[in-house]
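All values reported here derive from a predicted model rather than from experimental measurement. To find a chain, count down the sequence lines: A is the first, B the second, and so on, and within it residues start at 1.
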Amino acid sequence: MAWFAEQSEWMNALPRLVWQETRPEFEGEITLVLFGPAKQAGLSPTDLAERLSDFWPTLRLDDGSPLVQQAQAVGGFLNLSLTQPYWRWRWSQGYALTHGTGDQEFKPETIVLEYSSPNTNKPLHLGHVRNNLLGDAMYRILSSLGHRVIRVQVINDRGIHICKSMLAWQKFGQGQDPRSAGVKGDHWVGQFYVEFERAFQDQVQELVGQGRTRDEAENEAPILIEAREMLQRWEQGDPEVVGLWKQMNSWVYEGFEVTYQRLGIGFDRNYYESETYLLGKSLVERGLQQGLFRRDESGAVWVDLQDRGLDSKILLRSDGTSVYITQDLGTAEQRQHDWVFDRMIYTVANEQDYHFKVLFAILDKLGFPWAARCYHLSYGMVDLPQGRMKSREGTVVDADDLMDEVQNLAAAKLAESEKLTHLSGDQKNTLALEIGLAALKFYLLKVDPTKRMVYNPVEALDLQGHTGPFVQYAHARLSSVLVRALSESPQGSTHANGLSYEKWNATERFLLRQFSQWKPSVEAAAKENNPSHVADFAYGLATAFNRFYHECPVLQEPDPEAKAFRLALCRQACTLLKESLGLLGIAAPERM
RNA sequence: GGUCCCGUAGCUCAAUGGAUAGAGCAACUGCCUUCUAAGCAGUAGGUUACUGGUUCGACCCCAGUCGGGAUCACCA
């Protein structure tokens, strides 16, 4: 709306003009909030509106037609109705994200985007699913605006946790593998992690029975000592242990890959902790030489961040081994080396807010100029209606089970429908997954990521109302109209834009107005790292279309101009629904 | 205890410091002989946790109180 300000010197003198969408209950499309400017000008809002009344008619489009049809002051608000020529012009400009007006200041960036990053001792669960969907949606949103986005994850493949699974497999696995046992690889390895914990707890109980304290028992349990020995042998490169480690991890990766594919997400590069932790150690050594860190009497290395309002943090243990944050330092530098990124985004749950403050502070202390361009995309935990997920109580929602559930529900709905009886079994399965995933993805993405949320299975599986399938359904109805139109008239009116039609009704105009929200919604989502703005757009457009569909016949419309106009509205609505769903990683089936 | 986050309809969530705080679910009314009823139209549901402050204007900003969560490991 820059052209308003450019038109008038004295309007330029009024700072901080606030524009907003006119609320539906008032006439007009765009509203100028007059309170602030009125105060600056020493006028009452009504007086200011009066002074402005001569101004609006002077605004013209390039072809000389008027821009503002009517300006109506209501209290401190000035509601402007824009002319049909404006909307027609706006529509003719198209709604593409990467072209068109206002792009002068846009600079494409190289963005490293980390998400998922699971441990390799357990299958993925609901929390990972929120993480994955957020990361995937941000990838799609940032890419759609023209950025180069590199999707990465860090694989925590090293450490005591994986040794526990390895040891339990040696003891209880009876030489079986996922294939022979008929279990998905990540679940298979997860089972042995649980087996380990069980055996460990049994041994602790026994030791406590023999008179040890719980702390002593937890330190002395033979199976834990064995696991620690295994970790040492791994660090020394013992071929047998390393071979087993590779085997276990490959089973996990196979399992993860199946889950990722079904969920529809992927990565451009994996960073393995086992490959970057040494790099982290050398960074710490360098900082030590530069006097940025200090070594205490026991030999442990610390960084003091009290000058930045943070505490001291250990970087290397007294035995010289690295801790969690050490590998993050190394991985970060490796990524800057690999991609020379402008920005790096870490999609990690908000329980690690402090960890990332510390990480970025250390990177800054080490003198990396890009440290300030690292960002923690922090998201809230997913709770169940009865509270937090707890593995001990068996309430963890498994990602694969979750997808089965949503697919089965959608399949049941399809089976009772009489619309799609001609589809094959495979086609129905694919469609059921697309619809089920739409429900799941939309449910998780429509919420502000920073907020803790509740996953209620009953609501998440809903296919009606404020849901993904609702939006898909609008798209399917549109597709159906467009297919029929095409078969009616293969080259004819389907390509006319209907722009000469002038008798728009309120419903048509409202639908057209929605289109203009597309780019602002995507830009807001990118700026705030919040895909819910895109979900909002999709839902709002679907709602506007449903009303239009109900009130305005398209194919039966006798007036050819009106029909062509409505068909053009349908084509645009269909495209934008599909694209907005696409940015959320949701399929847009043509029938359902 | 220190630090950080959160508290909006019965439930789940919206609302760049702006108009009468909006949706969906659940409840209740209507609408399929008409392009897909996974839809549309409507009714009902609120002291935005509480108390002050700033402002022409506060769910939003500030202070305090209460309630919930996270974090403060030589765990990852």
ask   = With a 3.5 Å cut-off and just heavy-atom distances, do the side chain of A/S298 and the base of B/rC74 make a donor-acceptor pair?
value = yes
key: Whether A/F77 stacks on the six-membered ring of B/rA19 base, 5.5 Å and 30° limits   = yes
message = Ring centres under 6.0 Å, that's the criterion: do A/Y193 and A/H161 meet it?
response = no
ask   = Hey, can you pull the residues of residues 527-540 of chain A with a non-hydrogen atom under 4.0 angstrom from RNA chain B?
value = A/D536, A/Y539
key: Steps toward salt bridge (charged side-chain N to carboxylate O under 4.0 Å, His left out) verdict (A/K122, A/E197)   = CA-CA 13 Å; A/K122 284 180 224 169; A/E197 288 299 324; over 6 Å; no
ask   = Taking N and O atoms by type only, does the side chain of A/S480 place a donor or acceptor under 3.5 Å from a partner on the base of B/rC35?
value = no
remark   = Sorted by chain and residue number, the ring-ring contact (aromatic ring centres under 6.0 Å, His included) partners of A/F196 (sequence neighbours excluded) come out as none
key: Stacked pair A/F470-B/rA38, distance under 5.5 Å, angle under 30°   = no
ask   = With Watson-Crick and G-U wobble geometry limited to distances under 3.5 Å, how should the secondary structure of RNA chain B be encoded in dot-bracket form, using | for bases paired to another strand and [ ] for crossing pairs?
value = (((((((..((((....[...)))).(((((.......))))).....(((((..]....))))))))))))....
key: Pairing residues for A/F35 by the ring-ring contact (aromatic ring centres under 6.0 Å, His included) criterion, not counting sequence neighbours   = A/F77
Between the protein and nucleotides 26-32 of chain B, list the N/O to N/O atom pairs that are separated by less than 3.5 angstrom.
none

key: Interatomic distance at C1', B/rU12 relative to B/rG64, whole Å   = 31 Å
ask   = Is the distance between the ring centroids of A/H475 and A/F545 under 6.0 Å?
value = no
inquiry  = Suppose we call two aromatic rings close when their centres sit under 6.0 Å apart. Are A/Y455 and A/Y443 close by that rule?
reply    = yes
key: Partner residues of A/E508 under the salt bridge (Lys or Arg N to Asp or Glu O under 4.0 Å) criterion, sequence neighbours left out   = A/R566
